[in-house]
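In what follows, a structure is listed as structure tokens, so that the remarks can point back to it.
We're numbering straight along the sequence, starting at 1.
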Amino acid sequence: MTYREAYDRGREKLGLAGVEEADLEARILLEFVCGTTRNVLLAHGDRLLDIGQQEKYDMLIDRRKTRIPLQYLTGVQEFMGLTFTVNEQVLIPRQDTEILVEEALRSLHDGMRVLDMCTGSGCILISLLHYSNHCQGVGADLSAEALAVAEENAEHLLGLESAAELNGGYGSDIREPGGIRFVQSDLFEKISGKFDMIVSNPPYICSDVIGTLMPEIREHEPILALDGGGDGLNFYRKIAAESREYLYGGGMLFLEIGYDQGEAVSTLLQEAGFLEVQVVKDYAGLDRVVYGTRCFDETVSDKE
């Protein structure tokens, strides 16, 4: 079978299965199997696939027909110009979340300490450390399986020597320039110390909405990372109320939100004592990020 014939058959199957971007995804899977680029399809469509390539491509097409997300089939997703490993233990990083990273980077200065709550694949924290100088970070998540993915990504993208380095004790050595640690924690349960910045993309979908989502999401992405409770605000309430204890005075909290949660989450931050609360829109003009600044008060000690 030629490259062109395989592609045509793949996109037809995906189209019949209801995959929205059948043409694009058939091509991406073919390139993944053959290690090629789009130019091969355009200029060398008569090239022959070997039996192994043909069988693997057919298998991936059949799995995608069952609505397994493309990224879980290839095992990777681009985010902030970096290639992250993903699997069904973590949410697939989305372009919308880049707005959160971009906003946080505006306020991230050399040597700051960052906490990423509900870190998942680690894409937010790792991106922040990659694009800053001598910052330190802690990524927290309830899922041990998600943390394993985050550790793999940190090892690969931040140039760490081994996963063992990541699994070292969470404590004093986090102050080393470029240090990163991951901790299994139910929100702030096992977090200690203070940070200059807390970032989070917590679960924020209303429980009764999850069943209406695309099958790629509701059947394959981790429900633990999606379900924000009855009104979608459960995690925001807890993070807003508890994060002040872990921020230095003047420290900032950045939260990704759903398109209709800007007012509600802003109110939660204001009620928790955050100042200069702002809502940032994404490229589609929808509310996407809320952030605020922790006030200075007598409970905040000077930074060591």
Handout entry: Trace of the side-chain contact (heavy atoms from CB on, under 4.5 Å) decision for I217 with L91
Key = CA-CA 9 Å; I217 299 175; L91 286 182; over 6 Å; no
Taking the side chain as every heavy atom from C-beta outward, state whether [X] and [Y] have any atom pair closer than 4.5 Å.
{"X": "L105", "Y": "V101", "value": "yes"}
{"X": "Y236", "Y": "Y204", "value": "yes"}
{"X": "V265", "Y": "L269", "value": "yes"}
{"X": "Q77", "Y": "R94", "value": "no"}
{"X": "L247", "Y": "K194", "value": "no"}
{"X": "L129", "Y": "L158", "value": "yes"}
{"X": "M117", "Y": "N201", "value": "no"}
{"X": "L73", "Y": "F32", "value": "no"}

Exercise for the section: Step by step, work out the salt bridge (charged side-chain N to carboxylate O under 4.0 Å, His left out) result for E103 and R106. Expected result: CA-CA 5 Å; E103 287 301 317; R106 298 178 195 276; 3.2 Å; yes
Can you name the nearest heavy-atom pair linking [X] to [Y], along with the distance?
{"X": "A240", "Y": "S243", "answer": "O-OG, 3.7 Å"}
{"X": "L147", "Y": "G139", "answer": "CD2-O, 4.1 Å"}
{"X": "Y283", "Y": "I99", "answer": "CE1-CD1, 3.4 Å"}
{"X": "P93", "Y": "F79", "answer": "CB-CD1, 3.7 Å"}
{"X": "L30", "Y": "Y3", "answer": "CD2-CE2, 3.4 Å"}
{"X": "H220", "Y": "T66", "answer": "NE2-O, 3.8 Å"}

Under 3.5 Å: donor-acceptor pair, side chain of [X], backbone of [Y]:
{"X": "R113", "Y": "Q136", "value": "no"}
{"X": "E20", "Y": "G18", "value": "no"}
{"X": "D186", "Y": "E189", "value": "no"}
{"X": "R288", "Y": "I257", "value": "yes"}
{"X": "Q261", "Y": "G258", "value": "yes"}
{"X": "Q89", "Y": "A146", "value": "no"}
{"X": "Q184", "Y": "S143", "value": "no"}
{"X": "R4", "Y": "D8", "value": "no"}
{"X": "E5", "Y": "T2", "value": "yes"}

Exercise for the section: Could you identify which residues cluster with L224, counting Ile, Leu, Val, Met, Phe, Trp and Tyr as linked when any side-chain heavy atoms lie under 4.5 Å apart, either directly or through a chain of such contacts? Expected result: L142
Problem - Side-chain donor-acceptor pair present, Y291, S107, cut-off under 3.5 Å - result: no
Problem - Polar side chain donor-acceptor pair, D141 to T119, under 3.5 angstrom - result: no
Practice task
Could you check R63, K65, R67 and say which one makes a salt bridge (charged side-chain N to carboxylate O under 4.0 Å, His left out) with E216?
Solution key: R67
Exercise for the section: Show your reasoning for whether side-chain contact (heavy atoms from CB on, under 4.5 Å) applies to D196 and V114. Expected result: CA-CA 6 Å; D196 302 284; V114 182; over 6 Å; no
Practice task
Mind running side-chain contact (heavy atoms from CB on, under 4.5 Å) on R294 and E245 for me, showing each step along the way?
Solution key: CA-CA 10 Å; R294 191 213 193 283; E245 180 181 346; over 6 Å; no
Exercise for the section: Just do the side chain to side chain donor-acceptor pair (under 3.5 Å) check on N153 and S121 with the steps written out, would you? Expected result: CA-CA 7 Å; N153 281 320; S121 66; 4.8 Å; no
Practice task
Start with the C-alpha distance between I205 and D227, add both sets of side-chain angles, then the distance that settles side-chain contact (heavy atoms from CB on, under 4.5 Å), and finish with yes or no.
Solution key: CA-CA 5 Å; I205 298 175; D227 193 342; over 6 Å; no
Problem - Pairwise distance CG(L125) to CZ(R181) - rounded to 0.5 angstrom - result: 12.0 Å
Practice task
Determine, using ring centers only, whether Y246 and F188 are less than 6.0 Å apart.
Solution key: yes
Problem - Pairs touching residues 28-42 that satisfy salt bridge (Lys or Arg N to Asp or Glu O under 4.0 Å), sequence neighbours left out - result: R27-E31
